[in-house]
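Note sheet for the following structure.
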Amino acid sequence: TVYYKVYAFYQSNIAETSTSIENFKTIEFAPITNLTYDRENIHNIRLSWNYNNNDEDGFKIEKQVDSGNWDEIATTTMLDYTDSSAEVNQTLRYRVAPYSGDNVVEFLETEDINNAFDAPTYLTITQNSVHTFSLNWNDNSTGETGYKIERKIDDGEYSEIAVTTENDTTFIDDINQRNTYTTVHY
């Protein structure tokens with residue numbers, strides 16, 4: 001908001017002034033449009049938007065994690081921004097607004113972004129021999145460090161038997177150390 005005061009004066013003598021009149025005007029400039037996001041991987045979320053005016057100094061970007069407070073994470077003069085420290089396994093929300101000096105126009109918000117790892121799908125198990133099994137699955141995650149594989153035999157408990165690297169989709173298990181034939185659950 002901008003405030004103005006106008007009064008008449010005589011020469012340079014401030015003491016000889018008229019009564020002033022005052023008025024104000026709220027600073028107006030357009031909000032952004034078409035705010036979109038792209039989960040590039042589990043750690044990077046890229047925001048982009050449209051803006052057709054040239055009156056702004058830049059854009060303020062705020063983030064909300066789960067239902068927490070809105071925190072300013074960046075300002076930029078570009079029409080996009082990548083959050084390279086997106087919280088994993090959290091619900092994120094972003095909002096962007098143009099600003100000029102201390103004046104900020106209304107924010108435009110994204111929808112909730114579920115930034116959880118996508119689970120692998122279509123696990124298939126092929127018995128290669130009496131004691132070796134090939135596991136295959138679809139990798140639906142981006143940015144994972146790898147996959148942990150657990151096994152249980154008969155009514156036992158699951159225990160971790162291997163850790164793969166990122167983007168792996170196969171594993172061969174050799175249960176020969178048991179020396180018995182059992183049902184294996186993956």
Side-chain angles (χ1 to χ4, degrees), residues 1 26-125 133-152 157-173 185-186:
T1 305
T26 301
I27 296 174
E28 298 175 2
F29 50 105
I32 67 164
T33 58
N34 301 322
L35 175 60
T36 61
Y37 70 90
D38 178 35
R39 270 184 68 203
E40 294 176 339
N41 62 48
I42 200 72
H43 304 288
N44 296 323
I45 297 178
R46 182 177 178 270
L47 305 172
S48 59
W49 56 90
N50 293 335
Y51 191 69
N52 296 323
N53 294 332
N54 295 328
D55 299 333
E56 81 288 342
D57 291 337
F59 303 93
K60 292 184 181 279
I61 298 132
E62 295 184 350
K63 176 170 62 173
Q64 181 184 51
V65 179
D66 288 328
S67 297
N69 295 325
W70 286 100
D71 295 314
E72 185 174 306
I73 59 170
T75 58
T76 183
T77 57
M78 308 301 288
L79 294 176
D80 64 347
Y81 171 78
T82 299
D83 179 4
S84 58
S85 59
E87 288 79 354
V88 177
N89 290 328
Q90 303 289 325
T91 300
L92 306 176
R93 220 175 153 89
Y94 295 88
R95 63 185 185 183
V96 179
Y99 73 93
S100 179
D102 292 334
N103 300 296
V104 178
V105 175
E106 70 183 83
F107 282 89
L108 185 61
E109 296 180 10
T110 65
E111 61 191 25
D112 285 349
I113 302 168
N114 180 359
N115 200 33
F117 282 109
D118 292 325
T121 53
Y122 302 110
L123 174 62
T124 60
I125 304 168
F133 297 87
S134 293
L135 284 67
N136 294 284
W137 60 89
N138 285 355
D139 175 4
N140 298 317
S141 293
T142 54
E144 81 279 1
T145 302
Y147 289 95
K148 292 186 176 190
I149 300 171
E150 295 181 351
R151 171 184 67 208
K152 81 173 184 172
E157 298 292 321
Y158 277 103
S159 63
E160 185 176 296
I161 60 169
V163 176
T164 69
T165 59
E166 67 180 314
N167 300 323
D168 278 345
T169 58
T170 61
F171 176 74
I172 297 177
D173 183 24
H185 304 275
Y186 290 93

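Keep in mind it's a predicted model, so treat the numbers as computed, not measured.
- Residue Lys63 holds its NZ atom at 5.0 Å from CD1 of Ile73, rounded to the nearest 0.5 Å.
- When side chains are defined from C-beta on, Leu92 counts as touching Val65, because their heavy atoms get closer than 4.5 Å.
- More than 12 heavy atoms of other residues, nucleotides or ligands sit less than 6.0 Å from atom CD of Glu72.
- The two residues Tyr37 and Glu111 make their nearest non-hydrogen contact at OH-OE2, 3.0 Å.
- Summarising the local packing, CG of Asn69 is surrounded by 12 or fewer heavy atoms from other residues, nucleotides or ligands at distances under 6.0 Å.
- In terms of modelled atom types and a separation under 3.5 Å, the side chain of Asn89 and the main chain of Phe117 share a donor-acceptor contact.
- Remark: Asp173 CG to Ile125 CD1 distance equals 9.5 Å, nearest 0.5 Å.
- How far CD of Glu157 is from CD of Glu150: 10.5 Å, rounded to the nearest 0.5 Å.
- Between Trp49 and Leu108 there is no side-chain heavy-atom pair separated by less than 4.5 Å.
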Candidate pair Thr82 and Arg46, rule side chain to side chain contact (heavy atoms under 4.5 Å, CB included), full reasoning: CA-CA 4 Å; Thr82 299; Arg46 182 177 178 270; 3.5 Å; yes
Starting from the C-alpha separation in whole Å, work towards a yes-or-no answer on side chain to side chain contact (heavy atoms under 4.5 Å, CB included) for Arg39 and Asp118. CA-CA 12 Å; Arg39 270 184 68 203; Asp118 292 325; 4.3 Å; yes
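- With hydrogens and angles ignored, the 3.5 Å screen pairs a side-chain donor or acceptor of Asn140 with a backbone N or O of Ala119.
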Apply the test side chain to side chain contact (heavy atoms under 4.5 Å, CB included) to residues Thr75 and Tyr99: give CA-CA distance (whole Å), side-chain angles for both, the deciding distance (0.1 Å), then the verdict. CA-CA 9 Å; Thr75 58; Tyr99 73 93; 4.0 Å; yes
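- Using a 4.0 Å cut-off between charged side-chain N and carboxylate O, Asp112 and Arg93 make a salt bridge.
- In this structure, Thr124 OG1 and Leu135 CG are separated by 7.5 Å, a value rounded to the nearest 0.5 Å.
- Checking side-chain atoms of Asp83 against main-chain N and O of Ser85 turns up a donor-acceptor pair under 3.5 Å.
- Here the side chain of Asn115 pairs a donor or acceptor atom with the backbone of Ile42 at under 3.5 angstrom.
- Formation of a donor-acceptor pair under 3.5 Å by the Tyr51 side chain with backbone atoms of Gly58 is not found in this model.
- Within a 6.0 Å sphere centred on CG of Asp102, other residues, nucleotides and ligands contribute 12 heavy atoms or fewer.
- Within the 3.5 Å criterion, the main-chain N or O of Asn41 finds no donor-acceptor partner in the side chain of Asn44.
- A donor-acceptor distance shorter than 3.5 angstrom exists from the side chain of Glu144 to the backbone of Asn167, with no hydrogens or angles considered.
- Residues Phe107 and Trp70 place their aromatic rings such that the two centres sit no closer than 6.0 Å.
- Annotation: the span from Tyr94 atom OH to Thr110 atom OG1 amounts to 8.0 Å, rounded to 0.5 Å.
- The two residues Gly101 and Asp57 make their nearest non-hydrogen contact at N-OD2, 2.6 Å.
- Tyr147 pairs in a side-chain hydrogen bond (donor to acceptor under 3.5 Å, both in side chains) with only one of the listed residues (Thr164, Asp139, Asp168), which is Asp139.
- For the pair Tyr81 and Val96, the minimum side-chain heavy-atom distance is 4.5 Å or more.
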Verdict with supporting geometry, Glu109 and Gln64, side chain to side chain contact (heavy atoms under 4.5 Å, CB included): CA-CA 10 Å; Glu109 296 180 10; Gln64 181 184 51; over 6 Å; no
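- Put simply, the side chain of Asn138 never gets that close to the backbone of Pro120: no donor and acceptor are under 3.5 Å apart.
- In terms of heavy-atom proximity, Lys148 sits nearest to Glu160 at CD-OE1, 3.3 Å.
- Distance check: Leu47 CG to Ile113 CD1 gives 6.5 Å after rounding to the nearest 0.5 Å.
- Side-chain contact between Ile32 and Pro98: present, with at least one pair of heavy atoms (C-beta onward) separated by less than 4.5 Å.
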